Amino acid sequence: MIRDARVLQSQFVPDDVEHRNAEVNALSNTLKPIMDGHSGEPSLLLGPTGAGKTCIARFTVERLRENVLDIKTQYVNCWQDYTRFKVLYRILEAIDRTVDIHRRSTPKDELLDRVRAYDGPQCVVILDEVDQLQENRVLYDLYQLPRISMILIANRERDLFSLLDDRLTSRLQTCVRISFEKYPLDELVAILKARAHWGLSEDAIGTNELELIADAAAGDARIAISILRNAARLADQCGSDRISTDLVHDAVPEGRDEVRQKTIDQLTPHQRTLYDILNDEGELEMGPLYDAYLDAVDAPKTRRTVRNYLSKMEHYRLIHADGQNRARTYRPR
DNA sequence: CATCCACGGGAATCAGCGGTAG
DNA sequence: CTACCGCTGATTCCCGTGGATG
């Protein structure tokens, strides 16, 4: 039933993209100077999750590679690599300048110096989920380096700009913005059809079922593909060579929760305890939350460590924090 | 206004791991 | 094989900051 599982991964970049030509062209234009050996204009891709921002960025960069002989590219997901160190390190990876770099022994600005000193071919860096960056200074560091082109990806413009200081805001204010909307139903169906065509055996799923998936995904291609993948897996398990309507229904909840569940599963027992407390109690301040935590575990970590956990879980969008300093409260999402 | 106290950055410390000299 | 070294990620210690509280 499953012919090519890679195609059913949402991060798979297809050879051809459906319905996003305007966005591809706009992004290509910002990168055009690279063909003449200059750096591209910085661009900012905005839109809800699953609207194709990451996919289009990778696709466009990939196409650029086909046209430019010598070019370096790097994709950085700031959700995972959210410190300045990691972002710079990933860029050095792309331009082969990582030798001898160690967190302790390397002075902080050694990394930036190396990126600055780089004089090889143009390098395109995709910074996905930039609003998750903890140290936005790195954007300032990278801005207008002659051999680095940046493609920034974020959900909402104000999430991004709220983190930035004035000088960076005014600089990025002028960069090219490309907005992505949620996929309408028919486009989502077309995307699913293409994935099913390449990833599944012939006639494994009908148009009705694809529409059902697209509808449940509510414009989010990532969820849609996740549901399709789950449905295919379920069909495989029960030895069926066709994905029925019932199977789709079964696959919807899993597909929707998959991303969240994956991050919850990654939590350590202590983190999980905090997460459960918030889910049971609702909104809490640090005091009561820490008390509940003390009651719930054997060898409690310190308050400072708990703060680290909480900020990490907020980072992963598992919980929500409002207010600052003493007024801060935590609540489940 | 004085005091309180959580926040979060940074340095120090700890614990586990892999490599290696003896 | 063992002792030791260097590295890393996790945790803790320290502390300046700033809103809340009375």
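None of these values were measured; they are calculated from a predicted model. Below, each value reflects all heavy atoms present in this structure, side chains not excepted, and no hydrogens, waters or symmetry copies. Naming convention: chains lettered A, B, ... in sequence-line order (proteins, then strands); numbering from 1 in each chain.
Residues A:Pro300 and A:Leu294 share a closest heavy-atom pair of CB-CD2, 3.5 Å.
In terms of modelled atom types and a separation under 3.5 Å, the side chain of A:Ser244 and the main chain of A:Leu247 share a donor-acceptor contact.
If you find the closest nucleotide of DNA chain C to A:Lys312 and to A:Glu285, the one lying nearer the 5' end belongs to A:Lys312.
You'll find the side chain of A:Pro42 reaches within 4.5 Å of the side chain of A:Tyr143, heavy atoms only. Using a 4.5 Å cut-off on side-chain heavy atoms (C-beta onward), A:Lys193 and A:Thr207 make contact.
Taking side-chain N and O atoms only, A:Tyr309 has a distance below 4.0 Å to OP1 or OP2 of C:dT11.
Atom-to-atom, NE2 of A:His270 to C1' of C:dA10 comes out at 12 Å; the value is rounded to the nearest Å. To the nearest angstrom, C1' of B:dG9 lies 7 Å from CZ of A:Arg304.
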Using a cut-off of under 3.5 Å, enumerate the N/O to N/O pairs linking the protein to nucleotides 5-7 of chain B.
from, atom 1, to, atom 2, distance (Å)
B:dC7, OP1, A:Tyr330, OH, 2.6

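Within the 4.0 angstrom heavy-atom criterion, only backbone atoms of the sugar-phosphate kind lie near A:Thr302; the bases stay farther away.
A cation-pi arrangement, defined by a distance under 6.0 Å to the six-membered ring centre and an angle within 45 degrees of its axis, is present between A:Arg20 and A:Tyr183. A cation-pi geometry, defined here as NZ or CZ lying under 6.0 Å from the six-membered ring centre and within 45° of its normal, holds between A:Arg58 and A:Tyr75.
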